[in-house]
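Have a look at the structure below before the remarks.
Values below: all heavy atoms of this structure, side chains included; hydrogens, waters and symmetry mates excluded.
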Amino acid sequence: MKTYVPVAILFAGLFLISIINSSCSKISDSSGVPKEQLIIGHWNINRVQLRLYYGGVFTKDTILKQTPMPENYVSFAAGGNFEYRFNNPAADVGTYQFVGTDSVVSNVTSKVYRWKMLTLTDVLFTVMNTSTNPAYPGATVETYQTFVK
């Protein structure tokens, strides 16, 4: 009588591999959806990270503490309307537009937000900008922000 144990183990292994591969596959695929559609909606600000450079040399990396009043968010509407609120009781309200293939610029009454888009899916949006900040004299500040739906 022949032993079928190696064959049974092989089939069990293939079955487990197929289950693992199907459970680890992407749930949502936003490829092919234009950025103009993906950006629309209410995004919660998940993280704001600063990277400080003095004289071109990386010096410090920090994540800003969130103190929502009552919520930290960014919102993009289909008509070009924009809202941004981070650690403030009132939102900055204005308009936004795309510049080139990888940037979005938002004009509000008191300032301009210029962001390079790093990642944009239907559930994750990451941006960065480079600026100077009076809180860090002499530093070039890279600000990375992560938004989630």
Side-chain angles (χ1 to χ4, degrees), residues 9 11-149:
I9 291 174
F11 282 118
L14 290 173
F15 178 72
L16 287 174
I17 289 173
S18 67
I19 289 175
I20 290 171
N21 280 341
S22 66
S23 66
C24 293
S25 64
K26 258 189 185 177
I27 293 173
S28 62
D29 182 13
S30 54
S31 62
V33 179
K35 65 184 176 205
E36 293 81 5
Q37 290 178 354
L38 286 173
I39 200 170
I40 293 172
H42 184 88
W43 299 84
N44 293 313
I45 299 174
N46 189 41
R47 181 171 82 169
V48 177
Q49 175 182 3
L50 304 179
R51 293 179 56 97
L52 305 178
Y53 295 85
Y54 289 93
V57 177
F58 173 72
T59 307
K60 185 177 181 181
D61 188 5
T62 186
I63 296 174
L64 298 181
K65 182 180 181 203
Q66 291 201 39
T67 53
M69 300 179 201
E71 179 185 17
N72 290 333
Y73 69 91
V74 62
S75 181
F76 298 90
N81 293 327
F82 170 82
E83 287 185 38
Y84 180 86
R85 181 190 291 185
F86 183 75
N87 294 348
N88 284 317
D92 290 333
V93 178
T95 60
Y96 75 94
Q97 64 183 8
F98 291 100
V99 177
T101 60
D102 67 347
S103 296
V104 62
V105 175
S106 304
N107 294 301
V108 298
T109 307
S110 60
K111 63 180 95 173
V112 176
Y113 294 98
R114 296 179 191 279
W115 293 326
K116 179 178 180 179
M117 299 184 301
L118 303 176
T119 306
L120 179 57
T121 69
D122 56 346
V123 294
L124 177 68
F125 185 23
T126 57
V127 297
M128 78 81 70
N129 75 312
T130 304
S131 64
T132 57
N133 188 325
Y136 307 102
T140 299
V141 181
E142 288 182 349
T143 304
Y144 294 86
Q145 297 189 57
T146 304
F147 311 134
V148 295
K149 279 191 181 176

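Atom CG of residue D102 and atom CE of residue M117 lie 6.5 Å apart, to the nearest 0.5 angstrom. Annotation: the span from L118 atom CG to Y144 atom OH amounts to 7.0 Å, rounded to 0.5 Å. Between the CG atom in L52 and the OH atom in Y136 there is a gap of 6.0 Å [rounded to 0.5 Å]. Note that CG of N44 is 12.5 Å distant from OG1 of T146, once rounded to the nearest 0.5 Å.
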Pairs of donor and acceptor atoms involving the side chains of residues 55-65, under 3.5 Å and at least two apart or interchain, shall be tabulated with distances.
{"unit_1": "T59", "atom_1": "OG1", "unit_2": "V57", "atom_2": "O", "d": "3.1"}
{"unit_1": "D61", "atom_1": "OD1", "unit_2": "Q49", "atom_2": "NE2", "d": "2.7"}
{"unit_1": "D61", "atom_1": "OD2", "unit_2": "Q49", "atom_2": "NE2", "d": "3.0"}

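Of the possible polar contacts, none joining the R85 side chain to the P68 backbone as a donor-acceptor pair under 3.5 Å is found. Judged by distance alone, the side chain of N72 and the main-chain N or O of N87 form a donor-acceptor pair under 3.5 Å. Judged by distance alone, with hydrogens and angles left aside, the side-chain atoms of Q97 form no donor-acceptor pair with the main-chain N or O of G80 at under 3.5 Å.
The side chain to side chain contact (heavy atoms under 4.5 Å, CB included) test with L120 is passed by exactly one of L38, V104, T126, V33: L38.
Among all heavy-atom pairs drawn from T95 and F82, the shortest one is C-CB, 3.9 Å. Contact record, Y73 with A91: OH-CB, 3.6 Å, taken as the closest heavy-atom pair. Closest of all the heavy-atom pairs between K149 and I40 is NZ-O, 2.8 Å.
Taking the side chain as every heavy atom from C-beta outward, T143 and V141 approach each other to under 4.5 Å. Side-chain contact between F147 and I45: present, with at least one pair of heavy atoms (C-beta onward) separated by less than 4.5 Å. V48 has its side chain within reach of F86: a pair of non-hydrogen atoms, C-beta onward, lies under 4.5 Å apart.
Residue pairs meeting the side-chain hydrogen bond (donor to acceptor under 3.5 Å, both in side chains) criterion with at least one partner in residues 33-43, sequence neighbours excluded, are H42-E71.
For S75, there are no side chain to side chain donor-acceptor pair (under 3.5 Å) partners at least two apart in sequence or on another chain. Taking Y96 as the reference, nothing meets the side chain to side chain donor-acceptor pair (under 3.5 Å) condition, with sequence neighbours excluded. Annotation: side chain to side chain donor-acceptor pair (under 3.5 Å) contacts of S131 (sequence neighbours excluded): none. Under the side chain to side chain donor-acceptor pair (under 3.5 Å) criterion, R114 pairs with no residue at all, not counting sequence neighbours.
For F125 and W115, the gap between ring centers reaches or exceeds 6.0 Å.
For the 3.5 Å distance criterion, the side chains of Q145 and Y113 fail to qualify, holding no donor opposite an acceptor.
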